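Proteins come first, then strands; the chains are lettered A, B, ... in the order of their sequence lines, and each starts at number 1. Just so it is clear, the model here is predicted, and its values are computed rather than measured.
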2 protein chains.
Amino acid sequence: MDQPEDGRPNTRRASGYVPGPSFSRKLAHYANLTMRDEQLLDFLLDGQMLYVGAGQDMIREGVRPVFVKIVMEGWAARYKMLENGRRQIVGFLLPGDLCIPQAIMTMPLDHSIGAINDLHCAMVQPGQLDAVEQESIGIRRALAMDAQISLAIQREWTVNLGARAAPERIGCLICELYLRLKAVGMTQGTGYFCPLTQIELAEAAGVSAVHVNRVIKQMRREDLIRWRDQFIEIPDPFRLARACGFRPNYLQMSF
Amino acid sequence: MDQPEDGRPNTRRASGYVPGPSFSRKLAHYANLTMRDEQLLDFLLDGQMLYVGAGQDMIREGVRPVFVKIVMEGWAARYKMLENGRRQIVGFLLPGDLCIPQAIMTMPLDHSIGAINDLHCAMVQPGQLDAVEQESIGIRRALAMDAQISLAIQREWTVNLGARAAPERIGCLICELYLRLKAVGMTQGTGYFCPLTQIELAEAAGVSAVHVNRVIKQMRREDLIRWRDQFIEIPDPFRLARACGFRPNYLQMSF
DNA sequence: CGACACGTTGAAGATTCTCAATCCCAGTGG
DNA sequence: CCACTGGGATTGAGAATCTTCAACGTGTCG
């Protein structure tokens, strides 16, 4: 009864766990939120939690979700499987991201969501979210803007895959992740923890894993990025952005 | 003052022009709309119109739109220009499509919209749309679902460009357009009027125009499609869909 | 130790691109 | 009426990018 949509039983009351404020922190960039707005949002997430192990699916194509879900910790990927056996990742979900927004729940999902590393999600009843939106115009605005930015990101991925060569594609992805993580305070200097394997990066960039490996090798040689032990360091973000033609306007951000 | 966002003056009261019911027709697929709901929607579109000539931009990246706009006649394309000079089309806008939804108006546009052929759009004041949504839960639901399907289409384009080879890409695009046009009654048998040039199709499929030409040639040879004089005929939609791995679930439709 | 996942490298081959030329057709101006 | 123009479609040929297959290294974990 907790989450009939995927039948996974690993759900429990959040007792000891204190969720990070990624969600409210991100939304606060989009509209003026009062202290109370932020409290409302944080309180919303302080309920039932969902844990998904690395590599497991959180939800599968075809099911109709029941709860709104928000990433608290860990990364996930939206993806689709093709008849030809290929998997295409169509977006990454980072802490603070609405992985199951309310509006999506009106119909069967067109894609699946898988955990990249161990994933913690807050589960929210749609009614609760409605109530919070009722209370604050700031929250309504911020959520609407968040939804629009998600759409803009999806468009940018379309551009990335359609019009850029592999090195630029991969560079732009690395830049996007950097800025999105920075918005929720998850960068360290000009670097960030990145749990992606080269295989997953390949599935997102629409190239083979072998080719990703060669591109990364070249980017390392040019000192555009340093990547070891799941940590990506960008020595000079401007230089990387210039090299790969990255423009952050679609995120409503600048460097 | 009519549309400060793009300064185009070719706007006038719709006097003789009777808008097609594409918009209400499409929304009616998504939720149960009463006769009155459909009238409300059609009435909404019976106001100021915007005409954009073939090849002209309706609105450019960076501006903040003022009016909600809905395509009444003609096709348009959302696109982005890259530093490398390439243009990537990230979506087609067909009659009945919300090309400027309300939510997008909260921020500067991340992309431009250009008319493929001569384009007629209805302009709606955001307040009017709000009022209509207030009145009917059916309309609210249908609009929410429409927005979600737009997002699902964008995801599918991401998959298309990232994980399919050129022939499948182009085949899937042709299938998608067929179903979307069918939903608004704009097909004739198993064919439809298609104003796209091979160049535009190439910009949408993320391949060169020369390659599109060769792929089309091959598809003609296999009698998967017949395309002449801006009319695409699909002799056997199932066969085409099978050949290119097209699955219409993301449109919330079946053949 | 063995199994396994991931990263790395080489080499051959497929797909797709670019450049260049040609053709067709509609519109335009003389 | 006809030459001219321009956009789009078509074709050929060589080159670049990227894939696939295969092998091997490295580290982790049971």
Q) Expressed in angstrom and rounded to an integer, what is the separation of A:N213 atom CG from C:dG7 atom P? A) 8 Å
Q | Rounded distance in Å - CD1 (A:I216) to P (C:dC6) | A | 16 Å
Q. Can you tell me how far P of C:dT15 sits from CZ of A:R86, to the nearest Å?
A. 13 Å
Q. Would one find more than 12 heavy atoms of other residues, nucleotides or ligands at under 6.0 Å from atom CZ of A:R221?
A. yes
Q. Given atom CZ of B:R164 and atom P of C:dA14, what is their separation to the nearest angstrom?
A. 24 Å
(Q) Checking side-chain polar atoms at under 3.5 Å, does B:T158 have a donor or acceptor matched by the opposite partner on A:Q154? (A) yes
Q) Expressed in angstrom and rounded to an integer, what is the separation of A:H211 atom NE2 from C:dT9 atom C1'? A) 14 Å
Q: Name the nucleic acid region contacted by B:R220, choosing base, sugar-phosphate or nothing; use a 4.0 angstrom heavy-atom cut-off, strictly under.
A: sugar-phosphate
(Q) Given C:dG10, D:dG8, D:dC18, identify the nucleotide with an atom nearest to the side chain of B:I199. (A) D:dG8
Q) Heavy atoms under 4.0 Å, any strand shown: does A:A165 hit a base, just sugar-phosphate, or nothing? A) sugar-phosphate
Q. Is there a donor in the side chain of A:W157 and an acceptor in the side chain of A:E176, or the other way round, less than 3.5 Å apart?
A. yes
Q) Base, sugar-phosphate, or nothing: which does B:A209 touch, judged by heavy atoms less than 4.0 Å apart? A) nothing
Q. Just one of A:R60, A:R78, A:K80 clears the side chain to side chain donor-acceptor pair (under 3.5 Å) bar with A:H111, so which one?
A. A:R78
(Q) Please classify the nucleic acid contact of A:R169 as base, sugar-phosphate, or nothing, using heavy-atom distances under 4.0 Å. (A) nothing
Q.
Quiz question: going by heavy-atom distance under 3.5 Å, is there a donor-acceptor pair between the base of C:dG7 and the side chain of A:R214?
A. no
Q: Using a 4.0 Å heavy-atom cut-off across all strands, classify A:T197 as base, sugar-phosphate, or nothing.
A: sugar-phosphate
Q) Rounded to the Å, how far apart are A:D229 CG and C:dC6 P? A) 15 Å
Q. How do B:V215 and B:V210 order along DNA chain C: which one's closest nucleotide is nearer the 5' end?
A. B:V215
Q | Whole-Å gap separating P (D:dA9) and CD1 (B:I232) | A | 11 Å
Q. Within the pair B:K217 and D:dT10, is there a side-chain N or O less than 4.0 Å away from OP1 or OP2?
A. no
Q: May I have the distance from B:I225 (atom CD1) to D:dA9 (atom C1'), rounded to whole angstrom?
A: 14 Å
Q) Is the A:F255 ring parallel, tilted or perpendicular to the A:F246 ring (thresholds 30°, 60°)? A) perpendicular
